[in-house]
Number of protein chains: 2
Amino acid sequence: MKNDNIRPTESELEILQILWAQGPSSVRTVNELLNEKRDVGYTTTLKIMQIMADKHLVERNTESRTHIYEASISEEATQQKLLDRFVDATFRGSAMKLVMQALGNHKASKQELEDIKALINSIEKKDNK
Amino acid sequence: MKNDNIRPTESELEILQILWAQGPSSVRTVNELLNEKRDVGYTTTLKIMQIMADKHLVERNTESRTHIYEASISEEATQQKLLDRFVDATFRGSAMKLVMQALGNHKASKQELEDIKALINSIEKKDNK
DNA sequence: AATTATATACGAATTCTTTCGTAATTCAAA
DNA sequence: TTTGAATTACGAAAGAATTCGTATATAATT
């Protein structure tokens, strides 16, 4: 399989977030959205997206003059890999410690908390089988 | 306050993990523990720890010839900051999405799951006040 | 057709991090 | 005291990531 060792850099991840949210987009669109958060030159964004294409993090359609880029790795799979690494690096592998910290320090809606409890219950049910 | 914008690199974080686990340590000790996971030259470790001292990520006691290094930022505060940034970068700010992914894909003991449920219940109780 | 605007390509400068060789220093052992 | 071992200091090389200037090509406008 391809893209097994995905490791987008921070800039690349910013761009992936935009592509995941927007769907296939031109460099200009991505650059404009990027600039809502911080200043980045157009050619900088272009260059990074070209590098991402080389790495197969994105695919691009070059039929029209304005190339259209699309994420070629899924948001969920990427998040999962990055999460694994983050848990190792920051919480010494204890995902539960991370969960506790995240729950303790970020506001969650009642609905979200219920969702999490439901998920835990379904995990516990599975374990008992 | 100092160290407000902590941003340890990956190598620095590895070393911090060791210092948090071991308490104040010499470069040699840190380097040996580091080498249980991967090959790193002694002077490499030394250099990084010296840089960390410059950045005030660690303090060092230079009274004896063998300098003793100690983490100067707490594990919890560091984890919290890194977690915040990670949630932003990877989960577009949705800590709950991160929690769901972490719960869904990492094995948790029955006890840990109960702990999390208890935490959620206590959060819900607080919210109702 | 000439001009202007918009795009991509390319390469190089810059910055950040990691790595390590070498020199200088201090301590311990012979 | 001399030799050898362990330590820190220093600087520079190597790599990775980011940034951007400039050239070139294409399309749109006048």
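Keep in mind that what you see is a predicted model, and the values were worked out from it rather than measured. Reckoned from all heavy atoms, side chains included, excluding hydrogens, waters and symmetry mates. Proteins come first, then strands; the chains are lettered A, B, ... in the order of their sequence lines, and each starts at number 1.
Residues satisfying the side chain to side chain donor-acceptor pair (under 3.5 Å) criterion with B/S26, sequence neighbours excluded, are B/T29.
Distance, A/N61 CG to C/dA7 C1': 15 Å, rounded to whole Å. Distance B/D54 CG to D/dG11 P: 13 Å, rounded to the nearest Å. As rounded to whole Å, 14 Å separates atom C1' of D/dC20 from atom CG of A/N35. Distance CG (B/L46) to C1' (C/dT25): 13 Å, rounded to an integer number of Å. In this structure, B/H67 places its NE2 atom 17 Å from P of D/dA6, rounding to the nearest Å. The interatomic distance linking B/M52 (CE) with D/dT8 (C1') rounds to 17 Å, in whole Å.
The structure places OG of B/S72 at 5.5 Å from CD of B/E59, a figure rounded to the nearest 0.5 Å. We find the CD-NZ distance between A/E124 and B/K110 to be 4.0 Å, quoted to the nearest 0.5 Å. Here the CD1 atom belonging to B/I18 is positioned 8.0 Å from the OG atom belonging to B/S25, to the nearest 0.5 angstrom.
Looking at A/R92 and B/E75, a side-chain N of the basic residue comes within less than 4.0 Å of a carboxylate O on the acidic one, giving a salt bridge.
Phosphate contact (OP1/OP2 of D/dT8, side-chain N/O of B/Y42, threshold under 4.0 Å): present. The side chain of B/R28 places no N or O atom within less than 4.0 Å of a non-bridging phosphate oxygen (OP1 or OP2) of D/dA5. Proximity of B/Q50 to the phosphate of D/dT8: no side-chain N or O atom is located under 4.0 Å from OP1 or OP2.
With contacts defined as side-chain heavy-atom distances shorter than 4.5 Å, the pair A/L103/A/I116 qualifies.
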Q. Reading nucleotides 23-30 of chain D from the 5' end, what letters show protein touch, with B for base, S for backbone sugar-phosphate only, - for no heavy atom under 4.0 Å?
A. --BBS---

Q. Reading nucleotides 11-20 of chain C 5' to 3', which nucleotides get B (base under 4.0 Å from a protein heavy atom), which S (sugar-phosphate only), which -?
A. B-----SBBB

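In plain terms, the two heavy atoms of A/I68 and A/P24 that are nearest each other are CG2-CB, 3.6 Å. Taking each heavy atom of B/I73 and B/W20 in turn, the nearest pair found is O-NE1, 3.0 Å.
Side-chain heavy atoms closer than 4.5 Å link hydrophobic residues (I, L, V, M, F, W, Y) into clusters, and following such links, even through other members, never connects B/I51 to B/V58.
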